[in-house]
Trainee: 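Please find one structure pasted underneath; my questions will follow.
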Amino acid sequence: MKNVADQLAIIREHVVDLLPEEDLVRKLERSVATGTPLRIKLGLDPSRPDIHLGHAVVLRKLRQFQDLGHTVVLIIGDFTAMIGDPTGKSKTRPALTLEETRANGATYVEQASRILDRERTEVVYNSQWLDALSFKDVVALAGKYTVAQLLERDDFTKRYRSGEPISVHEFLYPLSQAYDSVAVRSDVELGGTDQKFNLLVGREIMRQYAMEPQCILTMPILEGTDGIEKMSKSLDNYIGLTDSAKDMFGKTMSIPDTLITRYLQYACFAAPSDVQRVADGLSDGSLHPRAAKVDLAQRIVALYHGQEAAADAFAEFERIFVKKDQPDHIPDWSPEPSITELTLVDAVVGAGCATSKSEARRLIQQGGVRVNGVQNKDPLSILTVADQPVVRAGKLSWFRIIPA
RNA sequence: GGGCAGGUACUCAAGUGGCCAACGAGGGCAGACUGUAAAUCUGCUAGCUUAUGCUUUCGGAGGUUCGAAUCCUUCCCUGCCCA
């Protein structure tokens, strides 16, 4: 195990808040002296089954802890997901059933394992202890925190001031997350900066339960591919851990230039010297933004699909978007066997490129559809199945019509 | 329990009896321009056998009317004030 100073240097990298640092030093000293790993907690909200690069920021930090010999405790919030974390939401989230959260939790762990060391990861479900609490226990827990303290949280304050509803159960969310820390006896809890409040409640509640409070460590919230909102599945601006190499590459290329160094730091955990070199190159003009982005995209793809896939994704990207050729693999689509010819609208809808005929018509009339590379603006033009035409609908969707 | 203000399309938000499939903004999609960028400009943004046509939509259900998002009844939901 490394000494305390070395560990601390690594732990501090890329971090926004590390509070209180003295406490962490004390915990690390004790850990080194006794050879006992620290317990590093991360709560996962399984309401959305796909993990993306935004989650990966925190997961990579966890991995660093593991590489330093510590134990990661992943808490699948199957119980808390039923409550619905109000963080950053202007509205109450829909509640899920325990079964749904369980199913999502399982895929979560599988995806997180792409980054974490499974050997040093403990996975627990918080329904284990939260479901076991009696109403008396809950009231006692609620008695340890005040409404004024809860209202300190920014989004509660905002919602309260603007007259939006806040349900009582939402107040219980930070408390149940805090109770998780008690249950797993965490030494450090990680989260995004938006979790700071919840993490701090954990400290207070642990103290109330006569435990040594956890330290808290927050990581930046990564912006999505739109460059404005935080990365999230519901905003559809995310790069998923399970996205194909091609998609990862393409999505990365579509981020605004201003995000390049940020992604380098937080999506790749690139060495500070590398980040600096790119930042300098971009600002003095010696490095073309596109070149920097290509490099970034390859790094990201390489992390999840390997070096070779990254090179392939780059080649494919060049072919499709720069040379405007067809992609390597075009999915086939077949209409009913009895159909030998059909209109362009029907083909676009049938292949799933539009959700209604009106939408398909719009797409076609606006010049978004090409048949065998030629723009076709007539929705009613006839395609012959036997010709196996290749259709491009919009920027990203391609399909080839083949006989069934 | 009482009083007041609200609930309109993905979001915000106009509309208070016909000119409303519903102003405007954001978002999204497409086109132009580019570095598949960003910014900018243009168009589109309920559905249908594309029809100056029909169908469904303005919290839910009824009603008044030739005609309702708009008026009435009732129910549901939210916020504020008083208790």
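Chain naming here is simple, since letters A, B, ... match the order of the sequence lines and numbering starts at 1 in each.
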Trainee: Looking at A:Gln307, I'd like to know if its CD atom is crowded, meaning that more than 12 non-hydrogen atoms belonging to other residues, nucleotides or ligands lie closer than 6.0 Å.
Mentor: no
Trainee: Taking atom P in both B:rA69 and B:rG7, compute the distance separating them and give it to the nearest angstrom.
Mentor: 16 Å
Trainee: Is a donor-acceptor pair below 3.5 Å formed from side chain A:Gln366 to base B:rG43, judging by atom type as modelled?
Mentor: yes
Trainee: If you check the A:Lys357 side chain, which of B:rG35, B:rC29, B:rC48 turns out closest?
Mentor: B:rC48
Trainee: So if I take every side-chain heavy atom of A:Met253 and compare against B:rG47, B:rU36, B:rA30, which nucleotide ends up nearest?
Mentor: B:rU36
Trainee: Side-chain contact test, heavy atoms from C-beta onward, threshold under 4.5 Å: evaluate it for A:Lys144 versus A:Ile205 and give yes or no.
Mentor: yes
Trainee: With nearest nucleotide decided by heavy atoms, which residue, A:Thr355 or A:Gly163, maps closer to the 5′ end of RNA chain B?
Mentor: A:Thr355
Trainee: Apply salt bridge (charged side-chain N to carboxylate O under 4.0 Å, His left out) to residues A:Arg207 and A:Glu212 and explain how you reach the verdict.
Mentor: CA-CA 6 Å; A:Arg207 206 177 278 130; A:Glu212 180 182 300; over 6 Å; no
Trainee: So if I take every side-chain heavy atom of A:Phe317 and compare against B:rU36, B:rU49, B:rA30, which nucleotide ends up nearest?
Mentor: B:rU36
Trainee: Which value, in whole Å, describes the distance between the P atoms of nucleotides B:rC23 and B:rU11?
Mentor: 16 Å
Trainee: For B:rG79, which nucleotide in any strand shown is its Watson-Crick or wobble partner with both distances under 3.5 Å?
Mentor: B:rC4
Trainee: I'd like the P distance from B:rA51 over to B:rC41, given in whole Å.
Mentor: 34 Å
Trainee: Quick one: A:Ile255 CD1 to B:rG35 P, roughly how many Å, whole number?
Mentor: 18 Å
Trainee: Taking a pair as Watson-Crick or G-U wobble with both distances under 3.5 Å, which nucleotide is matched to B:rA32?
Mentor: B:rU40
Trainee: Using atom P of each nucleotide, how far apart are B:rA68 and B:rG60 to the nearest Å?
Mentor: 15 Å
Trainee: Please state whether the phosphate of B:rG79, meaning OP1 or OP2, lies under 4.0 angstrom from any side-chain nitrogen or oxygen of A:Arg159.
Mentor: no
Trainee: A:Arg26: which residues meet the salt bridge (charged side-chain N to carboxylate O under 4.0 Å, His left out) condition with it, sequence neighbours left out?
Mentor: A:Asp23
Trainee: Expressed as a whole number of angstroms, how long is the span from A:Ile166:CD1 to B:rU78:C1'?
Mentor: 13 Å
Trainee: Using both distances under 3.5 Å as the test, list the Watson-Crick or G-U wobble partner of B:rG47, or none.
Mentor: B:rC54
Trainee: Report the distance from atom NZ of A:Lys395 to atom C1' of B:rG35, rounded to the nearest whole Å.
Mentor: 13 Å
Trainee: For A:Leu235 and B:rG28, what is the distance between atoms CG and C1' respectively, to the nearest whole Å?
Mentor: 12 Å
Trainee: Let me know the distance between CD1 of A:Ile364 and C1' of B:rU50, rounded to the nearest Å.
Mentor: 13 Å
Trainee: Where the side chain of A:Pro165 is concerned, which of B:rC29, B:rU78, B:rU50 is the nearest nucleotide?
Mentor: B:rU78
Trainee: If you compare all heavy atoms of A:Glu341 against all heavy atoms of A:Ile382, which two are closest, and at what distance to 0.1 Å?
Mentor: CB-CG2, 3.7 Å
Trainee: A:Tyr160 side chain: which of B:rC80, B:rU50, B:rC48 is closest?
Mentor: B:rC80
Trainee: Choose from B:rG47, B:rG35, B:rC29 the nucleotide whose nearest atom is closest to any side-chain atom of A:His288.
Mentor: B:rG35
Trainee: Out of B:rG35, B:rC48, B:rA30, which has the shortest distance to the side chain of A:Ser358?
Mentor: B:rC48
Trainee: State the pairing partner of B:rC66; accept Watson-Crick or G-U wobble contacts with both distances under 3.5 Å, and report none otherwise.
Mentor: B:rG18
Trainee: Using only atom types and a distance under 3.5 Å, with no angle test, would you say the side chain of A:His70 pairs donor to acceptor with the backbone of A:Leu38?
Mentor: yes
Trainee: Using a heavy-atom cut-off of 4.0 Å across all strands, would you classify A:Gly394 as base, sugar-phosphate, or nothing?
Mentor: sugar-phosphate
Trainee: Tell me the partner of B:rU11, counting only Watson-Crick (N1-N3 plus N6-O4 or O6-N4) or G-U wobble (N1-O2 and O6-N3) with both under 3.5 Å; none if nothing fits.
Mentor: B:rA25
Trainee: Rounded to whole Å, how long is the line connecting atom NZ of A:Lys251 with atom C1' of B:rG35?
Mentor: 20 Å
Trainee: With rounding to the closest Å, how many angstrom separate the P atoms on B:rG6 and B:rG15?
Mentor: 11 Å
Trainee: Could you give the CD-to-C1' distance, from A:Glu164 to B:rC12, as a whole number of Å?
Mentor: 12 Å
Trainee: Roughly how many Å apart are B:rC10 and B:rG27, using the C1' atom of each and rounding to a whole number?
Mentor: 8 Å
Trainee: Tell me if the side-chain of A:Asp257 makes a donor-acceptor pair with the base of B:rG35, cut-off 3.5 Å, by modelled atom types.
Mentor: yes
Trainee: Main chain of A:Leu19, side chain of A:Asp17: is a donor-acceptor contact present, judged purely on distance under 3.5 Å?
Mentor: no
Trainee: In whole angstrom, what separates A:Arg362's CZ from B:rC29's P?
Mentor: 14 Å
Trainee: Counting just side-chain N and O atoms, does A:Ser356 come under 4.0 Å of either OP1 or OP2 of B:rG47?
Mentor: yes
Trainee: Short question: side chain of A:Asn237, backbone of A:Ser232 - any donor-acceptor pair under 3.5 Å?
Mentor: yes
Trainee: Is it the case that the side chain of A:Gln214 and the backbone of A:Arg185 share a donor-acceptor pair, with hydrogens and angles ignored and the cut-off at 3.5 Å?
Mentor: no
Trainee: If we take the C1' atom in both B:rA14 and B:rA21, what is their distance in whole Å?
Mentor: 15 Å
Trainee: Name every residue in residues 367-386 of chain A that has at least one heavy atom under 4.0 Å from any atom of RNA chain B, in order of residue number, or write none if there are no such residues.
Mentor: A:Gly367, A:Gly368
Trainee: Please measure how far the P atom in B:rA9 lies from the corresponding atom in B:rU57, and state the result in whole Å.
Mentor: 14 Å
Trainee: Can you name the closest pair of heavy atoms from A:Gln64 and A:Ile10 and give their distance?
Mentor: OE1-O, 3.8 Å
Trainee: Start at the 5' end of RNA chain B and walk down; is the nucleotide closest to A:Asp346 or to A:Asp236 reached first?
Mentor: A:Asp236
